[in-house]
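Let me begin by presenting the structure, written as structure tokens, before commenting on it.
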Amino acid sequence: MDLIIKHGTVVNALSRFKADIGVTDGRIVCIAESIEPCGGEQVVDAEGMLVLPGAIDAHTHLALPCGETSSADDYFAGTRAAACGGTTTVFDFAQQDPNEKMTDTVKRRDALCAPNAAVDYSFHVAVTDVSKGLIDGIGECVEIGIPSFKVYMVYDFGVSDGVFFRVLEKAKEVGALIAVHAENSELVNMLTRKYLSEGKTGPWYHYLSRPEFVEGEADFRAIQWAKATGVPLYIVHLANRQGVEAVTAAKDEGYEIYAETCPQYLEFTCDVYKREDGRNFVCSPPIKGAESREALWEAIRRGDIDTVATDHCPFQSYEKDWGRDDFSRIPNGCAGIENMYPYMLSAANEGRITFEKAVALCSANPAKIFGCRSKGEIAVGRDADIVIYDPAKDFTVTNDKMHSNCDHTIWEGLKLHGYPVQTYSRGRLVYDNGSFVGERGWGRLVRCRLH
Ligand code: URP
Ligand code: ZN
Ligand code: ZN
């Protein structure tokens with residue numbers, strides 16, 4: 001064996017037990033009450049520690065082109081930060097260019113990612129163009145191990161209702177999973193114009209131009225179409241109470257509807273948009289009111305929210321400042337890739353949820369939903385993507401301790417109870433007590449299979 005982790009308490013989504021773990025060639029090969037070293041192995045004493053599967057962040061935007069700039073973290077910085085927060089796999093969005101074959105979209109983004117990724121990665125294809133036979137790309141991507149896709153109901157690259165419906169029909173034919181960014185585009189555009197014309201330009205009006213019902217209505221509509229076509233649907237970054245109710249109702253009726261939320265929607269409320277630095281919290285959908293936040297936590301506890309992911313998409317302060325006098329010019333997105341697992345595990349440590357639930361939301365469920373079969377559990381045969389977590393270590397988030405390229409974080413000052421001390425990616429140590437010790441290009445493309 002190459003690595004033995006001794007005396008730790010393993011926590012999976014459905015189990016918790018004391019065991020030693022043996023790793024050979026990047027895979028877990030043995031889990032036993034006691035594994036004795038034969039010599040030559042690296043031995044780690046995890047007494048008093050939790051030993052967890054690495055998190056899977058199913059929603060990131062690394063090196064995302066955005067007008068005249070791009071998101072602050074490229075594939076190296078983003079995956080470096082991921083490793084330092086216990087995340088060992090990231091799913092990034094590969095956005096299709098007009099007229100581009102979707103398999104070419106994947107190749108284009110993989111060419112950027114492969115030489116730089118510090119942890120394993122995969123892609124969802126963001127579909128923008130299904131004309132002239134391009135819709136067949138959905139089946140072609142499923143064949144090459146990229147079976148999940150996203151449509152945006154908003155933004156200038158979003159799709160029409162008709163295209164969204166066609167994508168759902170194609171997904172049924174080829175066994176793909178469709179994810180949706182659900183907001184009502186017409187209402188957002190109309191309310192944005194209205195507030196700006198009235199001279200209401202601050203970040204609070206970002207929230208008011210995309211209030212609860214703008215998201216809830218779109219969630220409801222997207223779910224109706226998934227039900228009508230009989231395909232599973234994954235709602236990304238769910239942030240509002242009405243949407244939670246629509247998801248719960250659809251699940252209760254037996255439909256395969258999955259919901260993801262993000263730590264920023266669980267921690268903050270729309271009051272952040274009244275702060276002096278409110279523009280730093282501008283993301284879409286915006287952070288909602290306290291009622292929505294509570295509804296999200298309740299849905300987590302009930303099991304109606306399946307995953308937590310970050311929507312990591314930070315921009316530098318000077319870029320956020322472009323929208324000082326016009327909220328519609330603030331680049332959308334916030335940091336989170338290094339904070340998600342510590343945040344959810346700290347919630348577990350404080351008794352808001354169980355550790356098993358935190359592991360389910362951040363690792364086991366995304367692995368299962370997206371068909372990432374070698375990840376998501378500490379089990380023999382799985383990749384040795386392992387986090388050693390010290391439940392007694394207190395940690396306060398400050399940007400200088402983060403490993404992103406961004407010059408600020410919305411998580412500044414957050415106090416966490418418990419923190420990861422080591423992260424292993426396929427058996428290789430990539431994070432050690434505050435320091436990144438991995439390497440650029442170590443990460444591999446994970447090919448997924450849903451069925
Ligand atoms: O504000 C956000 N979420 N930016 C990233 C793009 C998206 O909508 O997911
Ligand atoms: Zn989105
Ligand atoms: Zn996103």
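Values below: all heavy atoms of this structure, side chains included; hydrogens, waters and symmetry mates excluded. Counting starts at 1 for both ligands and their atoms, following the listed order.
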Axial cation check for Tyr207 ring with Lys288, 6.0 Å and 45° limits: no
Lys375 NZ/CZ over Phe370 ring centroid, <6.0 Å and within 45° of normal: no
Sub-4.0 Å heavy-atom approach of Tyr155 to ligand 1: yes
Non-hydrogen atom of Lys150 closer than 4.0 Å to ligand 1: yes
Shortest protein contact, atom 4 (N) of ligand 1 (heavy atom only): Asn332 O, 3.3 Å
Nearest-neighbour protein heavy atom for atom 3 (N) of ligand 1, which is reported as residue plus atom name and distance: Asp311 OD2, 2.5 Å
Would you mind listing which atoms of ligand 1 come within a distance below 4.0 Å of any non-hydrogen atom of [X]?
{"X": "His61", "result": "5 (C), 6 (C), 7 (C), 9 (O)"}
{"X": "His237", "result": "8 (O), 9 (O)"}
{"X": "Cys283", "result": "1 (O)"}
{"X": "His59", "result": "9 (O)"}

N/O/S atom of His237 inside 2.8 Å of the Zn ion (ligand 3), strictly under: no
Residue His59, metal the Zn ion (ligand 3), N/O/S under 2.8 Å: yes
From Gln96, Gln95, Glu100, residue fulfilling side chain to side chain donor-acceptor pair (under 3.5 Å) relative to Arg108: Glu100
Min N/O separation His181 to ligand 1 under 3.5 Å: yes
Donor-acceptor pair between Glu212 and Asn240 side chains, under 3.5 angstrom: no
[X], [atom1]: over 12 other non-hydrogen atoms inside 6.0 angstrom:
{"X": "Arg301", "atom1": "CZ", "result": "yes"}
{"X": "Glu276", "atom1": "CD", "result": "no"}
{"X": "Glu186", "atom1": "CD", "result": "no"}

From Ser284, Ala239, Ser71 - option closest to atom 1 (O) of ligand 1 by heavy atom: Ser284
Shortest-distance N, O or S atom of His181 relative to the Zn ion (ligand 2): ND1
Beyond-backbone contact of Ser185 with Tyr152, side-chain heavy atoms, under 4.5 angstrom: no
Residue pair Asp385 / Arg426: nearest heavy atoms and the distance that separates them: OD1-N, 2.8 Å
OD1 (Asp311) - the Zn ion (ligand 3) - NE2 (His61) angle, nearest 10°: 90°
